[in-house]
Amino acid sequence: MSFAKTLDNLALDKSPFVRRFEQLIAPKSDSALEAMAQTSRSLTLHNFGRTMRLFAPLYLSNECINNCRYCGFSRDNPILRVTLSVDEVMAEARHLARQGFRQILLVAGEHPKFVSRDYLTGCVRALAPDFSSIAIEVGPMETSHYVPIVDAGAEGLVVYQETYNRAVYAEMHTAGPKRDFNFRLDCAERGYRAGFRRLGIGVLFGLSRWQEEAIALAAHVEYLLKHCWQAQISVSLPRLRPAAGGFRPLFSITDRELAQLVCALRVTFPQVGIVLSTRERALLRDSLVSLGVTMMSAGSHTEPGGYTRQGSEHLHRTVRGRIVAPDFQDGEDQLATGQFEISDERSPAEIAAVLRHRGFEPVWKDWDQALTSV
């Protein structure tokens, strides 16, 4: 059984959960939206308390063999690229540990030559003694390739479908293994079979109509709750941000609509985690804290080596996938290119202070692998 069959029949066969969700994201008056927000707040406090998990993305590599029209790492973008060594990854990680983080997300473009199973296993094994929670967001793999990464200490897998619309997906992904829609769609299940205890999914808003994407996302959540019931499920709601290549969003989702979506997800799935990244403005992030968000990134950099300028001595530029010497332009920062521009540039300490001011407790560590080995 694959979610692909459910997705392809979704227009004609929605579950009661998904039909209820569809009603919740329909246009609402201010009073109706406020009532839903109150319900969402109550459910969030009941299931998660006044806590907010904080994590940091740690970018390992921006090498990529895919052409994705919206992504700064896209193969044909003439950007500065680098893959950090394990020692350089550790230097970045030590910086994050000094800021308080014990939960990190390892992110990389999809390039098996640079970001292989063995490379990822080595990174995770080196980081595991100092970080209680390690998740990965990399190119989809087979279950057998995930197993050694889990054994090394990774417990979370994040993979965004980007868009659940097959036609739009084909238009956005013009070259590379990412063109395989179903292989990506089934990635979370393969990771679950390999032993990941946290599964994160999401869509990239701006590629298709947000309501249609949200309905498909809700159906995917329901499917994973049934078929991967021993894992914790979370959803991310990223909106497109400026990036190398200059791609512009094709569709929009307003702040009000994003808030409504957060509330709809919480009302429909009371125990599912909701992630909000530094893609969003500080003011919006602060306002969504009490509505249903349970996990936030903080102080993020989206370029490899961005925290401590690691890897600068082996930078190179690529032109249509070919490596060329890094001919720096006047005033160009000699640092690898980021995946996208962040919006909330506050430090982790500043974000933690805001959370406390609003009556929430920032959680830097919420579990330990040692507890699962007893």
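Atoms considered below: every heavy atom in the structure, side chains included; atoms not considered: hydrogens, waters and symmetry mates.
- Asp8 meets the side chain to side chain donor-acceptor pair (under 3.5 Å) test with Arg166; sequence neighbours excluded.
- A search for side-chain contact (heavy atoms from CB on, under 4.5 Å) contacts involving Gln211 returns Ile25, Arg209, not counting sequence neighbours.
- Cluster partners of Val147, using a side-chain heavy-atom cutoff of under 4.5 Å among ILVMFWY residues and allowing indirect links: none.
- Evaluation of the side-chain contact (heavy atoms from CB on, under 4.5 Å) rule for Ser347 yields Ala349, Glu350 as partners, not counting sequence neighbours.
- The side-chain hydrogen bond (donor to acceptor under 3.5 Å, both in side chains) pairs that include a residue from residues 110-130 are Asn66-Glu110, where partners are two or more places apart or lie in different chains.
- Checked by atom type, the side-chain pair His227/Glu222 shows no donor-acceptor distance below 3.5 Å.
- Listed by first then second residue, pairs satisfying ring-ring contact (aromatic ring centres under 6.0 Å, His included) with a partner in residues 258-309 read His95-Tyr307, His301-Tyr307, not counting sequence neighbours.
- Around CD of Gln271, the count of heavy atoms belonging to other residues, nucleotides or ligands within 6.0 Å does not exceed 12.
- Residues satisfying the salt bridge (Lys or Arg N to Asp or Glu O under 4.0 Å) test with Lys178, not counting sequence neighbours, are Glu162.
- Annotation: side chain to side chain donor-acceptor pair (under 3.5 Å) contacts of Arg285 (sequence neighbours excluded): Asp344.
- Other residues sharing the hydrophobic cluster of Leu43, ordered by chain and number and joined by side-chain separations under 4.5 Å: Leu24, Leu33, Met36, Val267.
- With sequence neighbours left out, the side-chain contact (heavy atoms from CB on, under 4.5 Å) criterion links Leu250 to Met172, Phe247.
- Residues that satisfy the side-chain contact (heavy atoms from CB on, under 4.5 Å) test with Glu142, not counting sequence neighbours, are Ser144, Phe183, Arg190.
- Chaining together hydrophobic side chains whose heavy atoms lie under 4.5 Å apart places Phe340 alongside Phe55, Tyr59, Phe73, Ile79, Leu105, Val107, Val158, Tyr160, Val275, Met295, Ile342.
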